[in-house]
Amino acid sequence: MCQPAPRNATNYSPLVSVAPTGHELAPFPMNPDQFWTSLDGQILTVKNKDERTVALTLAFWPRNPAELELLKIHLADLHFTERSSLARIGIEMLTHGPVRLEGNRLVLDADAFIYDANFPNSAYWKKLLRPGTPVGRLFFAPPAAKLSSAEIWDAIKANDLKLPNTISIDSRGRVFLTPHQVSYTLSTKLQRINFEHIVSGNAGRSFLDKVQVRHEASPLTIPPRAGLLTSCSMYLKEHYVVLNQGEGNFGLHTSAILLDPIKTFGTNVMLEIYNTGDQPVVNPMVSVDIFRAPPFTNPEVKTLTKKRVRLLATASNLYKCLDENPPVHTAEARPKTKIVVRGQSGTMENRSVLVRANEDLKKFLEGEACPIGSRTMIQALDGAPADADTLIIDYFPDLLEHIELLTRIGDVKLRRIIFRKASRTHGYFLSSNAHARLDTYEAIGVQVYWYDEITKDLYLHTYKKDHGFFVREENARKFQETTILAFYGSAVGIDQADTARITGLVEQLTGFIGPNVGVLTGGGGGVMRLATDQARGQGALTGACFLELEAQPPEFGVDFFNTFQESSRHFRQKWFEAADFCIFNVGGVGTLEEIGIEMCNLKLGIRPRVPYVFFNARFWGDLRKQIKEMIRTKRAPAWIADYILFTDDPAEVVAFYRKKLQVL
């Protein structure tokens, strides 16, 4: 998992500050018996070696001095994995010599070359590699963490691990698989600036998924001295997979050999294989080793639960203090930007206090701090103690307050924001602009908590697939690891037959997917309530994207949620992209609108090619005819029919999932 360098570790900092490639789980400390990955390394030096090759020096910085000490002991056991985005544009990096220590960084030598001259960037690929370019990671794969053959098979049978349905497992714990019968090429419309963005890390996997062109290929063939982009299905939650590059007889896999848990999840897990010989390779085979990821232990959950309970009690007492007492700091607020919009500015009343999380919050718990706080957020920031790190505020900062906060971010050590109300004008519901501000806080490393007066609980804003939800902090990791089913359908009550069918479907899908499954709905009644109740009864996580509608009041009590103002209806639909699969149940015109968006997502590649299930074949019969007519008249791609199922039978849904996901 690519992580930014620690801000306060000046002796452990890379050449260029690398933005994280996604919203990811916190790293585990290094342990001699557990799998470990480094921060993303960077190119230190670039030197042209010959017409085909560039010599690189790669550098990696430890997270802290303690990690560095452990790394010194295991230098000979560290391996390199290239960034998959580089491999997918034809750039291979072969390391030579051991990892060595230079001061407070680890250094490795590598030769880079392009493994197929047909890539669109082949004429200028050398110029894309510069000092500071993120290149990949080091990893430590101890034998103690490697799964045996029996452990792999047990994990597959328990649905803890989903591997391609083409695998063979040998007695040494190696898994052999054949890729899908498809190949991919990069669009010839890509320009050099696009490749600049890919190499720099500003455009990643999702961008490449959209610009690559899929080709059916049976058999799958790699010509002599050429490369191939192909894919396989794999769903990793609790395991790392290390690809063996091979000996060349079935082709060589690139140095992008590490597949992470959580991120490796779907039917489009890319494989980059090239053939250095003078004979073709037909239907290449790849072997992998599987390792346990460090467990997220129960004590960690208990610690985070205690933290949330402590923060919840503090926030409750503090908001009571702010409500019952006048502000202490009443001097005129002095905005730095002097921006006024419709007569409003950052000086609007918004009771706030900026405190240090540990000692000051303890005082609040003991009731020793009242009265406290400022009338506006600006006053709280300007009068903050030097070591304050937590902004507790009544309303989530609006745009003008947000601007004022950002102008002061270099002057305060802000680590978290706790707010109580989403909007001055829309109460419980956040605007689309507010969601953009949440993204900004995530980008600059500020955690955001919602003290929800309705549920009397505290929720941390947590990301899954680049979309944020509010979740209890101790459940954040489980939420990110969970396979999510989006259940669409009417808020109107449904008959007994549909109730029985949906109940059976939830039971069978949770059994097929295994532990860590969740259901996401619009948070209303009818189908949504039924799916939520059934999922909760199966021990699954439940979630909702609440929309500001008088006709559909939110039904609270879910494990993860977000809120959207009525004018953000289509914007809200993007949050359902956090789900892995879609189930369309009996519904009305609102459900029909959601079907149109999701079908378009499938066509455009915004969603990978995964099963879409229309549950209640009779109800959706006319839509089935319409889709067939669209395909006949070439208004929809023919392949889309292969991923759509109309049925009333839960068992048929599970069989369809196995077939289309191509997993055991």
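- Evaluated for a side chain to side chain donor-acceptor pair (under 3.5 Å) with R472, the options D457, T462, T305 yield exactly one hit, D457.
- Across every non-hydrogen atom of H239 and L161, the tightest pair is ND1-CD1, 4.0 Å.
- When atom types are taken as modelled, the side chain of N562 and the backbone of C545 share no donor-acceptor pair closer than 3.5 angstrom.
- Checked options F576, Y463, F561, F479; the residue passing with F469 is F479 (criterion: ring-ring contact (aromatic ring centres under 6.0 Å, His included)).
- H461 and Y441 form no side-chain donor-acceptor contact under 3.5 Å, judged by distance and modelled atom types alone.
- Looking only at side-chain heavy atoms (C-beta outward), I640 and L602 come within less than 4.5 Å of each other.
- Side-chain N or O atoms of S233 include one that pairs as donor or acceptor with a backbone N or O of L661 at under 3.5 Å.
- The shortest side-chain heavy-atom distance between S352 and M377 falls under the 4.5 Å cut-off.
- The aromatic rings of Y643 and W639 lie perpendicular to each other, with more than 60° between the two planes, well past the 30° mark.
- Under a cutoff of 6.0 Å and an axis angle of 45°, K478 and F560 do not form a cation-pi pair.
- Annotation: cation-pi geometry not satisfied between K237 and F265 (NZ/CZ under 6.0 angstrom from ring centroid, within 45° of ring axis).
- For the residue pair H215/S183, the side-chain donor-acceptor check at 3.5 Å is not satisfied.
- Contact of the E442 side chain with the Q447 side chain is not registered, since no non-hydrogen atoms from C-beta on lie closer than 4.5 Å.
- Checked by atom type, the side-chain pair R88/Q212 shows a donor-acceptor distance below 3.5 Å.
- Residue T510 holds its OG1 atom at 12.5 Å from CG of N516, rounded to the nearest 0.5 Å.
- N475 and D559 form no side-chain donor-acceptor contact under 3.5 Å, judged by distance and modelled atom types alone.
- Between Y657 and F581, the ring planes lie tilted relative to each other; the angle falls in the 30° to 60° range.
- Of the possible polar contacts, none joining the Y184 side chain to the M270 backbone as a donor-acceptor pair under 3.5 Å is found.
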Inset, instruction - Kindly indicate, with the supporting measurements, whether the criterion side-chain contact (heavy atoms from CB on, under 4.5 Å) is fulfilled by L406 and I444. - result: CA-CA 10 Å; L406 292 182; I444 63 177; 4.0 Å; yes

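- No side-chain donor-acceptor contact under 3.5 Å links W450 to the backbone of F470.
- Looking only at side-chain heavy atoms (C-beta outward), E481 and P261 stay at 4.5 Å or farther from each other.
- Under the 3.5 Å distance criterion, with hydrogens and angles disregarded, a donor-acceptor pair is assigned to the side chains of S200 and N202.
- In this structure, E196 pairs ionically with R192, as a charged nitrogen and a carboxylate oxygen lie closer than 4.0 Å.
- Residues in residues 589-612 take part in these ring-ring contact (aromatic ring centres under 6.0 Å, His included) pairs, two or more places apart or across chains: F584-Y612.
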Legend entry - Step-by-step side-chain contact (heavy atoms from CB on, under 4.5 Å) determination, L258 to T37: CA-CA 10 Å; L258 181 61; T37 61; 3.7 Å; yes

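- With hydrogens and angles ignored, the 3.5 Å screen pairs no side-chain donor or acceptor of N585 with any backbone N or O of G489.
- The distance between the ring centers of Y428 and F556 falls below 6.0 angstrom.
- Side-chain contact between E404 and R408 is present, with heavy atoms from C-beta onward closer than 4.5 Å.
- The distance from atom OH of Y488 to atom CD of E594, rounded to the nearest 0.5 Å, is 6.0 Å.
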Legend entry - Residue pair F564, H435: steps toward the ring-ring contact (aromatic ring centres under 6.0 Å, His included) verdict: CA-CA 9 Å; F564 303 84; H435 285 287; 4.6 Å; yes

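- When atom types are taken as modelled, the side chain of Q191 and the backbone of K189 share a donor-acceptor pair closer than 3.5 angstrom.
- The structure places CD of E473 at 5.0 Å from CG of L304, a figure rounded to the nearest 0.5 Å.
- Side-chain polar atoms of E548 and H426 form a donor-acceptor pair below 3.5 angstrom.
- The side-chain heavy atoms of L208 and L186, taken from C-beta on, include a pair separated by under 4.5 Å.
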Inset, instruction - Could you please spell out the steps behind the salt bridge (Lys or Arg N to Asp or Glu O under 4.0 Å) verdict for E577 and K465? - result: CA-CA 8 Å; E577 293 171 15; K465 295 185 179 178; over 6 Å; no

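- Contact annotation: the side chain of N350 never approaches that of D398 to less than 4.5 Å [non-hydrogen atoms, C-beta and beyond].
- With salt bridges taken as basic N to acidic carboxylate O contacts below 4.0 Å, none links D649 and R501.
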Inset, instruction - Kindly determine whether K659 and D642 satisfy salt bridge (Lys or Arg N to Asp or Glu O under 4.0 Å), including the steps that lead there. - result: CA-CA 10 Å; K659 178 181 177 182; D642 295 335; over 6 Å; no

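- How far CG of L405 is from CG of L400: 12.5 Å, rounded to the nearest 0.5 Å.
- Judged by distance alone, with hydrogens and angles left aside, the side-chain atoms of H467 form a donor-acceptor pair with the main-chain N or O of K574 at under 3.5 Å.
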Inset, instruction - Go through L505 and V653 one step at a time and tell me if the side-chain contact (heavy atoms from CB on, under 4.5 Å) criterion holds. - result: CA-CA 8 Å; L505 178 62; V653 174; 3.8 Å; yes

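- Between the CG atom in L128 and the CD1 atom in I89 there is a gap of 6.0 Å [rounded to 0.5 Å].
- T81 and R137 are not linked by any side-chain donor-acceptor pair at a separation below 3.5 angstrom, with hydrogens and angles left out of the test.
- Between the R624 side chain and the W620 main chain, no donor and acceptor come within less than 3.5 Å of each other.
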Legend entry - CA sep, side-chain torsions, deciding dist, call: Y459, D452, side-chain contact (heavy atoms from CB on, under 4.5 Å): CA-CA 8 Å; Y459 301 91; D452 184 2; 3.8 Å; yes

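- Ion pairing between a basic and an acidic side chain is recognised when a charged N comes within 4.0 Å of a carboxylate O; R607 and D209 show no such pairing.
- Side chains of Y319 and D394: no donor on one and acceptor on the other come within 3.5 Å.
- Of the inter-residue distances, the one linking E272 atom CD with L86 atom CG reads 10.0 Å to the nearest 0.5 angstrom.
- A salt bridge does not link K307 to E474: none of the charged nitrogens lies less than 4.0 Å from a carboxylate oxygen.
- Judged by distance alone, with hydrogens and angles left aside, the side-chain atoms of N601 form no donor-acceptor pair with the main-chain N or O of I606 at under 3.5 Å.
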Inset, instruction - Would you sort out whether E629 and K625 count as a salt bridge (Lys or Arg N to Asp or Glu O under 4.0 Å), showing the intermediate values? - result: CA-CA 6 Å; E629 179 64 13; K625 295 175 184 176; over 6 Å; no

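- Checked by atom type and distance alone, the side chain of K464 pairs as donor or acceptor with a backbone atom of Q480 at under 3.5 Å.
- The closest side-chain heavy-atom distance from L236 to D260 is not below 4.5 Å.
- With respect to the salt-bridge test (charged N to carboxylate O, under 4.0 angstrom), the residues R420 and E453 qualify.
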Inset, instruction - Under the salt bridge (Lys or Arg N to Asp or Glu O under 4.0 Å) rule, what do E401 and R424 come out as? Steps first, then yes or no, please. - result: CA-CA 13 Å; E401 291 171 319; R424 290 179 171 88; 3.2 Å; yes

